[in-house]
Amino acid sequence: MLTPADTTWNGFSLAERDLRWAKVREQAAQAGFDCTLVPLCVDGRNLHLSLEQARGTRSDGRYLTLLENAAVVLPTDGRPPIVITEDGTGNAWVPEPRAAGPELFSEWAPATADALRELGMERARIAVSGMLGGKVTHGRAADGVINHTAFAEVQRRLPNASFENGTEVVGFARYKKSDEEREALRIGAHIANAGIDEMVEVARPGMNAATVYGRVVRRMLELGSEYYPLAVRISPLGSQNPPRYEEPPYHITLGEGMLLAPEVDAVVGGLIAQEMQPILLGKIPDEWKPVIELQREVFYAGLEYMKPGRPFGDMIEFINGFGPKRGMKTIILMHGRGYGNDGPLLTPADTRAYAFKDVPVEKGNVWVWKPSALSADGKLSMSFGGVTIVDDDGGHLVTGRPAGMISIA
């Protein structure tokens, strides 16, 4: 049984901050940029974004500052960045940020333009992170995540500067996780795993699903996770396209034969870890056992296959071709772990998967690995997965939980 002492997180060091700044500067220099601009991003409070979407839009700023919503101007030449927040409140990484003012978007533009001019960027080539979606960050935001009205005002104030899409500058700095980031994600994975254990412990026929939901979230908060909504599908086994709940499902009473398919996210140091475990309230029918076994096989085969240097095009072909050789179907399903919407994002519904085919797997990558297996007719589907860290010999599931469906008979 995990205790809060087992999952204590002591925070990121100043050395981690310097490493991140250096990685972004290196990426910017390689692309020929004079500085990197992380604009203030869309505000989830005003646009009613989900927590995942809000974290995703603000992820570059938090990566560089540990602040919840910050704009950053980072010169490539090694000078310290200028950071802008709503009220000028800082932290150990950025003790003295500039204040944009209470009218966040209207006042952000002049503050950013002033920062760029102060750093001598009037005629610079500027990488703008979040202008468009990228290969390994902002994968769900093809049109970008910045506030375009405020950004256009920055461009108007610096008419001789060149503002270009720089999403990949910060994205590929974030792509390979540092030692401290991997440790935070390991802790998060174990907290999420404890949430699954709590669900297995309490979920029984006749119980209100919201009670189970609350117990799982409470357990993760007790262990030190930041709040993040639990996502869970609840339906009779074999249901097609079951609903996905991200808030307590008060109207559902669990029954015999129901399948709970939770995606349990824990957040440590701002980094989102996810574990996924199907739980059946009943005995597993015989017709499901080949699908479960196929998913187990493709899961572990994929871990072995994802060695550093392997391009994602090969990964996609290997996983999607694994099931047909055995008379069934398999589909690659994975996405990066980090501050939000990390990539590569490879899902069955993502028609852009082959945009990542030239991206190589690297030692230090971290993602949630959860390939799917389906029966030949596609009516039975099984997915299991969790936080996976890539080392020299392939991927390693952090928690070590064996792949499969849990039966509570």
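Keep in mind that this is a model prediction, so the values were computed, not measured.
- Among residues two or more places apart in sequence or in another chain, the side chain to side chain donor-acceptor pair (under 3.5 Å) test is passed with N208 by none.
- Applying the side chain to side chain donor-acceptor pair (under 3.5 Å) test to D377 and every residue at least two apart in sequence or in another chain returns S375.
- Enclosure of atom CZ in R79 by more than 12 non-hydrogen atoms of other residues, nucleotides or ligands within 6.0 angstrom is indicated.
- With respect to E26 and K23, no salt bridge is recorded, no charged nitrogen being found less than 4.0 Å from a carboxylate O.
- Checked against side chain to side chain donor-acceptor pair (under 3.5 Å), R215 has the following partners two or more places apart in sequence or in another chain: E198.
- Checked against side-chain contact (heavy atoms from CB on, under 4.5 Å), E180 has the following partners two or more places apart in sequence or in another chain: F12, S13, E16, S178.
- No salt bridge links E297 with K325; every basic N to acidic carboxylate O contact stays at or beyond 4.0 Å.
- With sequence neighbours left out, N165 forms a side chain to side chain donor-acceptor pair (under 3.5 Å) with T167.
- Legend: residues meeting side-chain contact (heavy atoms from CB on, under 4.5 Å) with P311, ordered by chain and number and at least two apart, are D314.
- Salt bridge absent: D197 and R219 never bring a charged side-chain N and a carboxylate O closer than 4.0 Å.
- Ion pairing between a basic and an acidic side chain is recognised when a charged N comes within 4.0 Å of a carboxylate O; D391 and K363 show such pairing.
- A salt bridge between R20 and D60 is absent, with no side-chain N of the basic residue lying under 4.0 Å from a carboxylate O of the acidic one.
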